[in-house]
Amino acid sequence: MSQSKMQPNRQPPSLTPAHRAILAALLATLLLTLLGTPPARAAATAADPATATDSATTSDPASACALRGTTGWTDEGHNTDRTVFQRPKGTKKVGMIFVDFPDAPATETPATSSAQITPGADWLWNASYGKAWLDIRQHRRWVRMPHKSTDYGFERGLTHETHEAYIKDAVAAADRDVDFSGYDMVYVVATKSAPAISFTPTYVYEPGTAGVVADGRRIKWSVTFGQDMWHWGPKLVAHETAHTFGLPDLYGFDGADAHRHVGGWDVMGLIGGAGPQYFAWHSWKLGWTTDKQVRCRASAGSDTVRLTAVEYGGGTKMAVVRTGPTTAYVVESRRQVQADTGLCATGALVYKVDSSVQTGDGPIRVMDAEPAATPAKGCRPLDDAPYRAGESFTDAAAGVRIEVLSADGSGDTVRVTKS
């Protein structure tokens, strides 16, 4: 850091009351901006009726709407096994190594490849409201893998065992120059010259097995970047790393339209979708949203809730209506800001959560306010799913009704009813 020349000591000029008032206002605005508070609601008070619960009923504690996962792996339950999946808050130290192959020597620089990935740390930081940070340490030299790129099984359908063998070879090749003992997670980046390493899977260590050990540390979590990183870019980091936190895939593993369940909402679905900000349900599951930001309706009754858009960090993030042991409806607010500047539609987004549904089978399904509408150019089905003021969603069989009462630039006011 450069040092400026020493200046003579000078007394600061005295401030008039008017100047002090202006300075205080500027500082307040700066703090609100840094903390992600939506400007239209920054001055809201506790007496604002839009934030209050209907006087006829009292809402249930947030814990009454936390569903229990039953799949034993990545699902929408709140009981994530933190001995298997890493904790999604705080700083995660990530070692990044670069590999090429006897049949595919690298022609690009490691810096060129890492530029596709490292901005994902900032994206995740913002999307987690500053709760999760990836401290990525790059080891910028190509290390040669012992086998040809076509020998690692990516094109034949990767198994856990073959993926683990790939990581073991990469770590062994880099171990001479890299101390893995200080890393929580390892990113393995394959050269662009190796089309056989076609996609980017996440590795989670299976307890009770030998796994991968280097420098006295077991590598429990890894992402191995393949050719699709050149298509998806930095948001691929947020998708794959969130698997190590315990989030499931929201796109369908089979069927003609892989994105029929959630469309372009949430980066765990279509990575390049119009609304990649994590669902409020996911932010709650990961601890980025607190119980105080959740309005729960598990018993019969009605609540009027002022929802602040999920793209901002403050305010109430969602209203949940529990419908069964593993099911609930959620309503949250979406606005065209922050991670969601590419939204095709804004409003109150309604979706069903089922924590008994496995990853890839649609554990979250978005309810479409405009099922018969033709998506605008550049948009997909479900991208126009949010409900607008005056519209409502009803599931009569479940006894659920969600009404959008009003909306402004920073959120929606909704009434949720369980009969």
Side-chain angles (χ1 to χ4, degrees), residues 91-128 132-155 158 162-163 165-180 182-203 212 214 219 221-244 267-268 270-273 276 339 341-342:
T91 298
K92 304 301 169 186
K93 295 182 179 180
V94 185
M96 179 183 287
I97 59 177
F98 302 82
V99 299
D100 67 0
F101 307 85
D103 63 327
T107 57
E108 78 278 19
T109 66
T112 300
S113 294
S114 69
Q116 288 291 110
I117 299 170
T118 53
D122 290 322
W123 197 93
L124 181 63
W125 167 262
N126 290 320
S128 69
W133 172 248
L134 302 175
D135 180 10
I136 303 174
R137 307 292 177 89
Q138 302 175 47
H139 298 275
R140 289 188 176 181
R141 61 179 293 268
W142 293 107
V143 297
R144 181 61 51 88
M145 295 286 272
H147 305 293
K148 295 189 296 184
S149 62
T150 52
D151 290 342
Y152 283 104
F154 279 73
E155 294 176 316
L158 204 62
T162 55
H163 192 203
Y166 176 79
I167 295 167
K168 187 176 292 185
D169 280 355
V171 168
D175 198 25
R176 186 186 69 179
D177 301 310
V178 179
D179 181 1
F180 289 95
Y183 293 129
D184 300 305
M185 181 166 47
V186 175
Y187 287 169
V188 180
V189 183
T191 175
K192 195 176 183 179
S193 302
I197 312 301
S198 53
F199 64 100
T200 301
T202 296
Y203 168 82
V212 181
I219 296 171
W221 305 288
S222 178
V223 178
T224 57
F225 290 89
Q227 298 304 304
D228 60 346
M229 72 181 236
W230 299 96
H231 172 71
W232 297 121
K235 288 198 289 290
L236 181 60
V237 172
H239 176 100
E240 299 299 338
T241 302
H243 283 320
T244 74
V267 74
M268 300 312 294
L270 178 58
I271 296 171
T341 55

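Applying the side-chain contact (heavy atoms from CB on, under 4.5 Å) test to Gln138 and every residue at least two apart in sequence or in another chain returns Met96, Phe98, Ser114, Thr118, Ile136, Arg140.
Here CG of Asp177 is found 9.5 Å from NE2 of His139. Values are rounded to the nearest 0.5 Å. Atoms CD1 and CG, on Ile117 and Leu134 in that order, are 11.5 Å from each other to the nearest 0.5 Å. With values rounded to the nearest 0.5 angstrom, Lys192 atom NZ is found 8.5 Å from Met229 atom CE. Between Phe199 atom CZ and Glu155 atom CD the span is 10.0 Å, to the nearest 0.5 Å. One finds the CG atom of Asp184 at 11.5 Å from the CD1 atom of Ile219 (value rounded to the nearest 0.5 Å). Atoms CH2 and CD1, on Trp142 and Ile97 in that order, are 11.0 Å from each other to the nearest 0.5 Å.
Contact detail for His147 and Asp169: the closest heavy-atom pair is CD2-OD2, 3.3 Å. Between Val223 and Glu240 the shortest heavy-atom distance is CG1-CB, 3.8 Å. Residues Ser149 and Ala104 share a closest heavy-atom pair of OG-CB, 4.4 Å. Here the closest non-hydrogen pair linking Tyr152 and Leu158 is O-CD1, 3.5 Å. Thr109 and Thr112 get closest at one heavy-atom pair: OG1-OG1, 2.8 Å. Nearest heavy-atom pair, Ala194 versus Gln227, reported as atom, atom and distance to 0.1 Å: O-NE2, 3.0 Å.
No side-chain heavy atom of Ile271 sits under 4.5 Å from any side-chain heavy atom of Pro276. Using a 4.5 Å heavy-atom threshold, the side chains of Trp123 and Val237 count as separate. Using a 4.5 Å heavy-atom cutoff, the side chains of Thr244 and Met185 are in contact. Leu270 is listed as a side-chain neighbour of Trp232, based on a closest heavy-atom distance under 4.5 Å.
If you check the side chains of Glu108 and Thr191, you find a donor sitting under 3.5 Å from an acceptor. For Thr200 and Asp228, the side-chain atoms include at least one donor-acceptor pair closer than 3.5 Å.
Aromatic ring orientation, Phe101 versus Tyr166: parallel (interplanar angle below 30°, classes split at 30° and 60°).
Between the side chain of Asn126 and the backbone N or O of Asp122 there is at least one donor-acceptor pair closer than 3.5 Å. Between the side chain of Thr241 and the backbone N or O of Ala238, no donor-acceptor pair lies under 3.5 Å.
A salt bridge links Asp100 with Arg144: the distance from a Lys NZ or Arg NE/NH1/NH2 to an Asp or Glu carboxylate oxygen falls below 4.0 Å.
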